[in-house]
Amino acid sequence: MKTDEIQLLYEYNYWADRRVLTTSAKVSPEQYVAPANFGLGYGSLRATLVHALDAERQWRVICQGLFNTLPPDGHNATTELTEAALPTLTVLQQRWDTEEKEMRAYLGTLSDEKLNGILRYTVPSGVVRERVLWHCLVHLVNHGTQHRSEAAALLTSYGQSPGDLDFTLFLNEHLSLPC
C-alpha cells in the first residue's frame with residue numbers, strides 16, 4: 001500500500017465520522033445516553049462512539065510505537081477513554097477533533113516503506129504479534145465502519161439517519177475520478 005492510499009481511506013473515515021457526529025447532535029441528550037433497546041453497539045450511542053474513538057487512539061499509539069501492548073479486549077483501564085471522561089457529545093467531538101489531528105500528523109510521517117513494514121505488539125496473553133503496518137491501519141478504518149453502522153442504526157431508530165456512508169459516495173463528493 002502507498003501513503004496516499006492510506007490517507008485517502010482516512011479521509012473517508014473522517015468524512016463518515018463527521019456525518020455520524022453531526023447527526024448525533026440532532027438527538028436529545030437522553031437519547032444520546034439511552035441504552036440501546038435492541039442490543040446494538042456498546043449499549044448506547046455515546047458508549048458506541050466513545051469505543052470507536054478510544055480504539056482509534058489506542059491503535060494509533062501502538063502503530064506509533066508509543067505503547068506496544070494491546071490492552072485486554074482492546075481496552076486499558078489507565079489509558080482508556082471512558083464515558084465518564086466524555087460525558088457529552090460536545091466533549092466527545094472536541095476529543096475526536098484532537099485525535100483526528102494526531103492521527104493525521106502520524107499518517108503524515110509515514111513513508112511507503114514504513115507503511116509496508118512490520119509492526120510488533122503484544123496481546124494481553126503475552127503473545128507477540130507481527131503485522132504489516134498498513135494492515136493495522138486498514139483494520140482501524142474497518143473497525144470504525146462497524147461502529148459507525150451501529151451508531152447509524154441507533155440514530156435511525158431515533159428518526160435521525162446520517163444517510164449513506166458509502167466509500168463511493170465519499171469519492172463522488174471529494175474526487176473528480178469516475179466510479
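The analysis underlying the following values was restricted to heavy atoms, covering all of them including side chains, and did not include hydrogens, waters or symmetry mates.
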Please confirm whether the ring centroid of Trp59 lies under 6.0 Å from the ring centroid of Tyr121. yes

Sequence neighbours left out, what passes salt bridge (Lys or Arg N to Asp or Glu O under 4.0 Å) with Glu102? Give chain and number order. Arg60

Is the shortest distance from a Lys or Arg side-chain nitrogen in Glu100 or Arg18 to a carboxylate oxygen in the other one below 4.0 Å? yes

Do you know the tightest heavy-atom contact between Met103 and Leu140? CE-CD2, 3.7 Å

I'd like to check the side-chain hydrogen bond (donor to acceptor under 3.5 Å, both in side chains) partners of Glu5; sequence neighbours left out, ordered by chain and number. none

Polar side-chain atom of Thr109 near backbone of Tyr106 as donor-acceptor pair, under 3.5 Å: yes

Derivation of the side-chain contact (heavy atoms from CB on, under 4.5 Å) call for Leu81 and Gln58: CA-CA 9 Å; Leu81 296 178; Gln58 290 201 35; over 6 Å; no

So Phe170 and Asp166, do their side chains get closer than 4.5 Å, heavy atoms only? no

Which of Leu155, Leu45, Thr48 passes side chain to side chain contact (heavy atoms under 4.5 Å, CB included) with Glu150? It is Thr48

Nearest 0.5 angstrom please: Phe167 CZ to Asn13 CG, how far? 10.5 Å

Within the structure provided, determine whether Cys63 and Cys136 are in side-chain contact (heavy-atom separation under 4.5 Å). yes

Check the pair Leu115 / Lys2 against side-chain contact (heavy atoms from CB on, under 4.5 Å), numbers first and verdict last. CA-CA 7 Å; Leu115 194 58; Lys2 297 182 183 213; 5.6 Å; no

Show which side-chain atoms of residues 125-132 pair as donor or acceptor with protein atoms under 3.5 Å away, not counting sequence neighbours.
from	atom 1	to	atom 2	distance (Å)
Glu130	OE2	Arg120	NE	2.7

Are side-chain heavy atoms of Leu137 and Leu9 found at a separation under 4.5 Å? no

Can you tell me how far CG of Leu169 sits from CZ of Arg19, rounded to the nearest 0.5 angstrom? 5.5 Å

If I compare all heavy atoms of Ala84 with all of Pro87, which pair ends up nearest, and what's the gap? O-CD, 3.6 Å

Measure across Ala52 and His147 and return the closest heavy-atom pair with its distance rounded to 0.1 Å. CB-CB, 4.1 Å

side-chain hydrogen bond (donor to acceptor under 3.5 Å, both in side chains) partners for Thr145, two or more places apart: Arg148

Are the side chains of Val138 and Val141 in contact, using a 4.5 Å heavy-atom criterion? no

Which value, rounded to the nearest 0.5 Å, describes the distance between Ile62 atom CD1 and Arg57 atom CZ? 10.0 Å

Side-chain (Asn116) to main-chain (Met1) donor-acceptor, under 3.5 angstrom: yes

To the closest 0.5 Å, what do you measure between CD (Gln94) and CG (Leu89)? 10.0 Å

Any donor-acceptor pair under 3.5 Å from Tyr12 side chain to Leu165 backbone: yes

So, using side-chain hydrogen bond (donor to acceptor under 3.5 Å, both in side chains) as the criterion, who are the partners of Asp164 when residues are at least two apart? none

Relative to the ring of His51, is the ring of Tyr42 parallel (under 30°), tilted (30 to 60°) or perpendicular (over 60°)? parallel

In chain order, what residues pass the side chain to side chain contact (heavy atoms under 4.5 Å, CB included) check against Asp97, with sequence neighbours excluded? none

Could you tell me which residues satisfy side-chain hydrogen bond (donor to acceptor under 3.5 Å, both in side chains) with Asp112, sequence neighbours excluded, listed by chain and number? Thr3

Thr82 versus Asp54: any side-chain heavy-atom pair under 4.5 Å? no

Pairwise distance CG(Leu92) to OG(Ser24) - rounded to 0.5 angstrom: 8.5 Å

Identify each donor-acceptor pair in which a side-chain atom of residues 26-34 lies under 3.5 Å from a protein atom, sequence neighbours left out, and give them as a table.
from	atom 1	to	atom 2	distance (Å)
Ser28	OG	Glu30	N	3.4
Ser28	OG	Glu30	OE1	3.4
Ser28	OG	Gln31	N	3.0
Ser28	OG	Gln31	OE1	3.4
Gln31	OE1	Ser28	N	2.9

Mind checking side chain to side chain contact (heavy atoms under 4.5 Å, CB included) for Thr88 and listing every partner two or more places apart, or none if nothing turns up? Thr90, Val91

Does Ser149 have any side chain to side chain contact (heavy atoms under 4.5 Å, CB included) partners at least two apart in sequence or in another chain, and if so, which? none

Does the pair Glu83/Arg46 count as a salt bridge with the N-to-O cut at 4.0 Å? yes

As a quick check of understanding, evaluate side-chain hydrogen bond (donor to acceptor under 3.5 Å, both in side chains) for Glu173 and Trp15, giving each step before the final call. CA-CA 10 Å; Glu173 291 182 10; Trp15 169 85; 3.1 Å; yes

Quick one: side chain to side chain contact (heavy atoms under 4.5 Å, CB included) partners of Thr156, sequence neighbours excluded? Ser161, Pro162

What pairs meet the salt bridge (Lys or Arg N to Asp or Glu O under 4.0 Å) rule with one or both residues in residues 7-16, with sequence neighbours excluded? Glu11-Arg104

When you measure from the side chain of His139 to the backbone N and O of His135, does any donor-acceptor pair fall under 3.5 Å? no

The test is side-chain contact (heavy atoms from CB on, under 4.5 Å); show your working for Asp17 and Leu53 and say whether it passes. CA-CA 10 Å; Asp17 286 344; Leu53 174 60; over 6 Å; no

Within the structure provided, determine whether Leu133 and Ile118 are in side-chain contact (heavy-atom separation under 4.5 Å). no

What is the minimum heavy-atom distance between Leu49 and Trp96, and which atoms define it? O-CZ3, 3.4 Å

